[in-house]
There are 2 protein chains.
Amino acid sequence: MTAPSDARARGTRLPRVRRRRQLLAAAQEVFVARGYHAAAMDEIADRAGVSKPVLYQHFPGKLELYLALLEEHSEALVEKQREALESTEDNQKRVTASFQAYFDFVAGDGEAFRLVFESDLRNLPAVREKSEHTLQRCAELIGEVIRQDTSISDDEAHLLSIALVGMAETTARYWLNNHGSVPQNAAEQLVARLAWRGISGWDLTRSADEGD
Amino acid sequence: MTAPSDARARGTRLPRVRRRRQLLAAAQEVFVARGYHAAAMDEIADRAGVSKPVLYQHFPGKLELYLALLEEHSEALVEKQREALESTEDNQKRVTASFQAYFDFVAGDGEAFRLVFESDLRNLPAVREKSEHTLQRCAELIGEVIRQDTSISDDEAHLLSIALVGMAETTARYWLNNHGSVPQNAAEQLVARLAWRGISGWDLTRSADEGD
DNA sequence: TCCTCATCTTACTCCCGCGTAAGTTGAGTG
DNA sequence: CACTCAACTTACGCGGGAGTAAGATGAGGA
């Protein structure tokens, strides 16, 4: 069912850096499949075709191993967002690119997104903060764009950005769980349209809606 | 800091039903504050002013205790959504009411929303399914309304609904973590406007946007 | 007053999984 | 061929927390 990435003939010695990379890969597989708590250091070591103390020669403990992966993929998401928003000057295309980046992130890299969005270690302050900080930074990138084109306050622009990121995260995860109902491209387009309709020309309707 | 709900003078006997309710309340406090894994049955018992075996006379195990709470609050959220959508026939007001319900859910009941949205037991199939099913049912309620007014396909209407629910969940949680930047009412209104601008009159722009 | 039975307590057992002490192997060097 | 040192192994200590066995306690009826 789940093929070990590369558990070479248990007995092969590896130079330090290669081994470290391989251990991180093995750890990612196990953490993604089982979550932090149910993941056993023994299983990670096994999956790498190595014994447990080797793991501890590369990482001081289970937590640090996990945090290293979390850090890596959180940064990757923010970076993907940045690239998407810098890829064009057309705001409508920016919206599309932004959603595409989210869907790509969720679809790629061995489901690593589960570490970022579904961590079962959120109760640890360090993890909660990283998780919130990642959301924050994605929203900040989008917020800058919004502020350029609207006379909205900073707090409000930020909240709208959070809303857009929330849409992206939730729909991307839903889409992944239900492959088959809609192809990736169609899903991205649909949600991007919803977002663009929502955000474009915001100032124009603002005063009109105000009289409630 | 955290005041125990009602740890009556450790030594007071209670009739079975009262005790059960009190144990559920104590368990909720601990599960919310610590998450499933870090929550100890000893602490739950202590918080209720009772010894551990009493807990086991009311619930077969930690898991069942947790699932009882999860079930209760998941149902409460769906019910709040239903009420919000049934509260009016005006779709714009429906959107507002729907977001208000989400914010109220997040703001109320001792942060019980953390059980539904931030469970650290998602890796357990039973919990994952309940969590996804709750999202599904909320989206279904909204989807019915959308389908009444658009010629969109069922799959697409459902995906849009997921997007709206994602907006609500993410913004409500963000708002709760950052009280002070924006009052609840303003946040609800702002996000509701974004959503309404997004979906209202969907069919009108559909064909126009199609020519990309 | 004494009996009954539900409520509640103390004081364990047991398992699981992180982290480690101590010892082994083998590739490259003089 | 002997020496060295990093890479690796087996086998264990140990803490923490779920669940339990066996006994205490007290309200209410005969």
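Chain A is the first sequence line, chain B the second, and so forth, proteins listed ahead of strands; every chain is numbered from 1. Just so we're clear, the structure is a prediction, and the values are computed from it rather than from any experiment.
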Could you tell me how far apart [X] ([atom1]) and [N] ([atom2]) are, to the nearest whole angstrom?
X      : N       : atom1 : atom2 : result
Q57(A) : dC8(D)  : CD    : P     : 8 Å
M41(B) : dG16(D) : CE    : C1'   : 15 Å
L55(A) : dA7(D)  : CG    : P     : 15 Å
R34(B) : dG16(D) : CZ    : C1'   : 15 Å
R16(A) : dA27(C) : CZ    : P     : 20 Å
Y56(B) : dT7(C)  : OH    : P     : 19 Å
K52(B) : dT13(C) : NZ    : P     : 14 Å
I44(B) : dC8(C)  : CD1   : P     : 17 Å

Quiz prompt | Earlier contact from the 5' end, DNA chain C, for A38(A) and H58(B) | solution = H58(B)

Quiz prompt | Minimum heavy-atom distance between L65(B) and L24(B), given as atom pair plus value | solution = CD1-CD2, 3.9 Å

Self-check item: Base dG19(D) to side chain K62(B), donor-acceptor N/O within 3.5 Å cut-off
Solution: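 Side chain to base: no pair present.
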
Quiz prompt | Donor/acceptor link under 3.5 angstrom from R13(A) side chain onto base of dT25(C) | solution = yes

Quiz prompt | Side-chain donor-acceptor pair present, H158(B), Y174(A), cut-off under 3.5 Å | solution = yes

Quiz item: Would you say the side-chain atoms of E140(B) and Q136(B) include a donor-acceptor pair closer than 3.5 Å?
Solution: no

Quiz item: Can K80(A) be said to sit on top of Y102(A)'s aromatic six-ring, NZ or CZ under 6.0 Å from centre and within 45° of the ring axis?
Solution: no

Practice problem: Assign P15(A) to base, sugar-phosphate, or nothing according to its heavy-atom contacts below 4.0 angstrom with the strands shown. | Solution: nothing

Exercise. Looking at every strand, decide which applies to A39(A) at a 4.0 Å heavy-atom threshold: base, sugar-phosphate, or nothing.
Key: sugar-phosphate

Quiz item: Does OP1 or OP2 of dA6(C) have a side-chain N or O of R19(B) closer than 4.0 Å?
Solution: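 No, because none of the side-chain N or O atoms of R19(B) sits under 4.0 Å from OP1 or OP2 of dA6(C).
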
Quiz item: Centroid-to-centroid, F105(A) to F113(A), below 6.0 Å?
Solution: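 Between F105(A) and F113(A), the centre distance exceeds or equals 6.0 Å.
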
Exercise. Compare the minimum distances between each of dC8(D), dT10(C), dC8(C) and the side chain of P53(B), then state the nucleotide with the smallest one.
Key: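 The answer is dT10(C).
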
